[in-house]
Amino acid sequence: MSEKYRRALDDGHYRLFLVGLLVMLVHLTEDALVHKENGSSLAAQLGSTALTVLLVAVGAALYPVVWRWVRPILVLAFGVLALSGGWGAHVTDLLDGEAAGGDYTGTLYALAGLVLIGLAVKLAVDNLRRRPTAEER
């Protein structure tokens, strides 16, 4: 199994996906712990942070082991999540000139979502163009 992960790290698509997940981790952790957008209690902050770490870990772990045709769906799901969360809560504040604190990392979060959606489209197109090998026929 670890061989799949080593091979995946050689793939630029996987590395780009990991960068998107890193942006997600930084922003959501910053929202939970620094700007406390998910509640003021310590339990709410730690719970939100733990869920973020779990979400990022699941995405990073699943990408190398899922079938090639599932990867665009996985990447698209994370991209839509990042774009919708970043746009609705942060980019709109930035465009209105009312940006503060987490709105800056939230804007990066939305941009990472756009990049992930673009990556999902690229992966889907690559899958459509890919010719099956002799073993797959």
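Here the structure is a predicted model, which is why all the values come from computation and not from measurement.
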Q: Can you confirm whether L18 sits close enough to L9 that some side-chain heavy atom of one is under 4.5 Å from a side-chain heavy atom of the other?
A: yes
Q: Taking R15 for the side chain and D10 for the main chain, is one N or O donor matched with an acceptor at less than 3.5 Å?
A: yes
Q: Using side-chain hydrogen bond (donor to acceptor under 3.5 Å, both in side chains) as the criterion, list what pairs up with T105, not counting sequence neighbours.
A: H27, E30
Q: What pair of heavy atoms forms the shortest contact from T49 to T29, and how long is it?
A: CG2-CG2, 4.1 Å
Q: Where do Y63 and V75 land on the side-chain contact (heavy atoms from CB on, under 4.5 Å) test, with the steps shown first?
A: CA-CA 8 Å; Y63 184 96; V75 174; 3.8 Å; yes
Q: Rounded at 0.5 Å granularity, tell me how far CG in L21 sits from CG in L55.
A: 7.5 Å
Q: Donor-acceptor check, side chain of R71 to backbone of A124, threshold 3.5 angstrom: yes or no?
A: no
Q: Begin with the C-alpha distance, continue with both residues' side-chain angles, and end with the deciding distance and a verdict on side-chain contact (heavy atoms from CB on, under 4.5 Å) for L76 and L116.
A: CA-CA 6 Å; L76 181 65; L116 289 176; over 6 Å; no
Q: When you measure from the side chain of Y14 to the backbone of R7, do you find a donor-acceptor pair of N or O atoms at a distance under 3.5 Å?
A: no
Q: Quick check on the hydrophobic clustering: are V70 and V65 connected, directly or via other members, by side-chain heavy-atom contacts under 4.5 Å?
A: yes
Q: Transitively linked via ILVMFWY side-chain contacts under 4.5 Å: V66 with F17?
A: yes
Q: V58 and M24: same hydrophobic cluster, using ILVMFWY side-chain contacts below 4.5 Å?
A: yes
Q: For residues W69 and L62: do they belong to one hydrophobic cluster (side chain heavy atoms under 4.5 Å, members Ile, Leu, Val, Met, Phe, Trp, Tyr)?
A: yes
Q: Which pairs would a plain distance check flag for residues 78-87, meaning a side-chain donor or acceptor within less than 3.5 Å of a matching protein atom at least two apart in sequence or in another chain?
A:
residue : atom : partner : partner atom : Å
S84     : OG   : V80     : O            : 2.9
S84     : OG   : L81     : O            : 3.2

Q: Under a 4.5 Å cut-off applied to non-hydrogen side-chain atoms, are V121 and P72 in contact?
A: no
Q: Tell me, please, which residues at least two apart from D126 pass salt bridge (charged side-chain N to carboxylate O under 4.0 Å, His left out).
A: K122
Q: Please examine the side chains of L123 and R68, heavy atoms only from C-beta on, and report whether any two atoms are closer than 4.5 Å.
A: no
Q: Roughly how far, to the nearest 0.5 Å, is the CG atom of L74 from the CG atom of L119?
A: 10.0 Å
